[in-house]
Every structure is written in C-alpha cells, then in structure tokens.
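What follows is one structure encoded as structure tokens, with my remarks underneath.
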Amino acid sequence: MFKRVAIVGVGFMGGSFSLAVKSRLGCSTFGMDINPEAIKRGKELGVIDEGSTQMLALRDFEPDLVVLAVPVGAFEQVARGLKEVLDEKVLITDLGSVKGRLVYMMEDFFGGYFVGGHPIAGTEKSGVQYSNPELFKNKRVVLTPTQRTDRLALQKVKFMWERLDAFVEFMDPFVHDVVFGAVSHLPHAVAFALMDAMEKLSKKTNIDLFLYPGGGFKDFTRIAASDPVMWRDIFLENRENLLWAIEEFIQSLEKLKGLIENEKKEELIEYLQRAREHRLRID
C-alpha cells in the first residue's frame, strides 16, 4: 500500500483526498500547487504534511503515488514537469472529470503506470479550507484502464479506493466521457446557462430576480457556484460529447415549450410524469 502520496493541486478535491489517505491509510502527504497561499493554508489546517510550489521538491519527498487534482486543462503541463522529477515506475492517478484522450496522453508520458480515475464526489465548494476526509465514503469511483495499463498498478489504485470505502468500477475512457458528458457536464452547463438567463431577464424587466429565489431555484443552481476555471476546462476537453448532450437538451426544452405554447394538457402531463418517474429512480 502507498506510504508517501503527492497531491498536485491543493484545493477542495486534492485536500479531501489528502485528508482521506492520511486518516484512513496512514499516508504522509505532500501538496504541490502554483499558489503558495494554498500550500500555506493546507499545512496550517493539517490537510497536507508538507508542500511546495516547486516540482523539484518531489525528488526529496520520493512519493510512491502522485495524484493529479488540477483542472484537466493543466494535465499536459503538469505531466511534463512530473516526468522530469519522478522515477519511472511511480504510480500516477487523477481525480479529473474527463478521460478520453487525456488518458492516452498521460500514458505517453508515464506508460502503464498511469491509472485514470474519477471519484463521483464533490460539491460546488472550492478551496483547501473546505477539504472533507469523508468526501469519498460510499461514493462511486470510476477507473479507466486501457490495454496498456499495468495490472498491478491498477489493482493498487483500486484497493486504495476501496480502503477509502468507495465503490470502484472500470470503464473505457471514451465511454466515460459520453456518460459524464450527459449526467454531469450537461447539468453544470444548464445551471450556468440558467444563471445567465436570469441576468438577462433581470435587465429586461428591470427587476433584480436574484432577490427572489426559492428553494427549488437554489437547489437547481447550486452547482453554478462551482469553480469557473475547472468547468471551462471540462467543457472544452469534452466538448463533442457535451455539445451532443446540449443539442438533445435543447430538443427536449423545445418539446416542452411546444406543449405549453399549444396548451397540450394531456401530453404535458405525460411529459412531466415521465420526467418525474426517471427522477424518482435516482434516489
């Protein structure tokens, strides 16, 4: 099992992972971040044991696992830096929401010792101060091995997540991006777009509509408070699957618009009932 874990990206997800492996696995953790304040705060809060803004510091720490918890748009730059300072057989995994081509790109740097990972956990919070050691408990974690993935490396990463009380399943990297483009990336896009629409409606009515949100509006738009840089990178990296999902959503919204516009009472009930039944299945 891993003893010395380096986390690249000392924010909410990286900090939560650090606390989890420290408390459940007894690991020593080292945080890497371009923001010195994140390192300072992480150490003060006990989220990480050590940290640095300099990649070279990893040589002295000698990690046996490195976890990427940075926006997916930074993966290539981080990989280039890690390649220069790590031993060849150090395991690398990540917490990113996009896989697809990124997995194969990372394999070009690290061969079979990269194991793509995506814990289905998180909130709209960002920042190391929100780190939660129980974030991954009873959550699903998707690993995305390829034919090139080292089998022992895969089993080690799988066992680690299971020790953190997560449920692990395997998925093809490109299938992963179709699935999460629909169930994760599309809802975030819709939430951001709804806030944009409310801004426009506020201007057109000359009424600050943001003063009157109810519980439903708050629940629905909670994820629009998420980190813009992280979601910019996700949207662009998985753009083909996301655009396809957006087109399907637009068609569903147009259908609903038509039913309302034409006062199709029975069809509208059927539309809403189907949606309700699908939502009830989730819980």
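Numbering starts at 1 and runs along the sequence shown.
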Please answer whether the main-chain N or O of [Y] pairs with a side-chain N or O of [X] as donor and acceptor at a distance below 3.5 Å.
X: Asp177; Y: Gly100; value: yes
X: Arg239; Y: Leu236; value: yes
X: Tyr271; Y: Lys255; value: no
X: His185; Y: Ser97; value: yes
X: Asp150; Y: Leu152; value: yes
X: Asp49; Y: Phe30; value: no
X: Asn238; Y: Ile234; value: no
X: Thr93; Y: Gly116; value: no
X: Lys139; Y: Leu135; value: yes
X: Ser16; Y: Asn132; value: yes

Nearest 0.5 angstrom please: [X] [atom1] to [Y] [atom2], how far?
X: Leu19; Y: Phe136; atom1: CG; atom2: CZ; value: 9.5 Å
X: Lys3; Y: Asp64; atom1: NZ; atom2: CG; value: 9.0 Å
X: Leu186; Y: Trp244; atom1: CG; atom2: CH2; value: 9.5 Å
X: Cys27; Y: Arg4; atom1: SG; atom2: CZ; value: 10.5 Å
X: Arg163; Y: Phe2; atom1: CZ; atom2: CZ; value: 11.5 Å
X: Glu134; Y: Ser131; atom1: CD; atom2: OG; value: 13.0 Å

Closest heavy-atom pair and its distance - [X], [Y]:
X: Ile223; Y: Phe192; result: O-CZ, 4.1 Å
X: Ala38; Y: Asp33; result: CB-CG, 4.0 Å
X: Thr149; Y: Leu154; result: CG2-CB, 4.1 Å
X: Ala189; Y: Leu242; result: CB-CD1, 4.3 Å
X: Phe61; Y: Ala6; result: CE2-N, 4.1 Å
X: Ala191; Y: Phe220; result: CB-O, 4.1 Å

* Measure centre to centre between the rings of Phe17 and Trp161, then say whether the value is under 6.0 Å. => yes
* Asked: Centres of the His118 and Phe180 rings: under 6.0 Å?
  -> yes
Are [X] and [Y] ion-paired here, with the side-chain N under 4.0 Å from a carboxylate O?
X: Asp94; Y: Lys99; value: yes
X: Arg281; Y: Glu277; value: no
X: Asp108; Y: Arg148; value: yes
X: Arg24; Y: Asp165; value: yes
X: Glu37; Y: Arg41; value: no
X: Glu50; Y: Lys43; value: no

* Yes or no on side-chain contact (heavy atoms from CB on, under 4.5 Å) for Met198 and Phe217, after CA distance, side-chain angles and deciding distance? -> CA-CA 11 Å; Met198 288 302 106; Phe217 186 89; 3.6 Å; yes
Do [X] and [Y] make a side-chain contact, defined as non-hydrogen atoms from C-beta onward lying under 4.5 Å apart?
X: Leu58; Y: Leu82; value: yes
X: Met195; Y: Glu199; value: no
X: Leu91; Y: Phe110; value: no
X: Arg232; Y: Pro71; value: no
X: Phe12; Y: Gln129; value: no
X: Thr146; Y: Glu107; value: yes
X: Leu68; Y: Leu95; value: no
X: Ile7; Y: Thr29; value: yes

Looking at [X], I'd like to know if its [atom1] atom is crowded, meaning that more than 12 non-hydrogen atoms belonging to other residues, nucleotides or ligands lie closer than 6.0 Å.
X: Glu266; atom1: CD; value: no
X: Arg222; atom1: CZ; value: yes
X: Glu240; atom1: CD; value: no
X: Ile34; atom1: CD1; value: no
X: Lys83; atom1: NZ; value: yes
X: Phe210; atom1: CZ; value: yes
X: Asp87; atom1: CG; value: no
X: Lys156; atom1: NZ; value: no

* Structure fact -> Checking Glu76, Glu84, Gln77 against Arg80 for side-chain hydrogen bond (donor to acceptor under 3.5 Å, both in side chains), the one that qualifies is Glu76
Under a single-linkage definition using a 4.5 Å side-chain heavy-atom cutoff for Ile, Leu, Val, Met, Phe, Trp and Tyr, are [X] and [Y] assigned to the same hydrophobic cluster?
X: Val103; Y: Val98; result: yes
X: Val142; Y: Met106; result: no
X: Leu102; Y: Val70; result: yes
X: Val85; Y: Phe75; result: yes
X: Ile92; Y: Val72; result: yes

* Show your reasoning for whether side-chain contact (heavy atoms from CB on, under 4.5 Å) applies to Leu143 and Val168. => CA-CA 7 Å; Leu143 301 183; Val168 178; 3.7 Å; yes
* To do: List the steps, then state whether side-chain contact (heavy atoms from CB on, under 4.5 Å) holds for Glu88 with Tyr113.
  => CA-CA 8 Å; Glu88 287 187 1; Tyr113 295 100; over 6 Å; no
* How about Glu247 and Gln251: does a side-chain donor come under 3.5 Å of a side-chain acceptor? -> no
* Kindly determine whether Met160 and Leu25 satisfy side-chain contact (heavy atoms from CB on, under 4.5 Å), including the steps that lead there. => CA-CA 8 Å; Met160 174 198 69; Leu25 307 181; 3.8 Å; yes
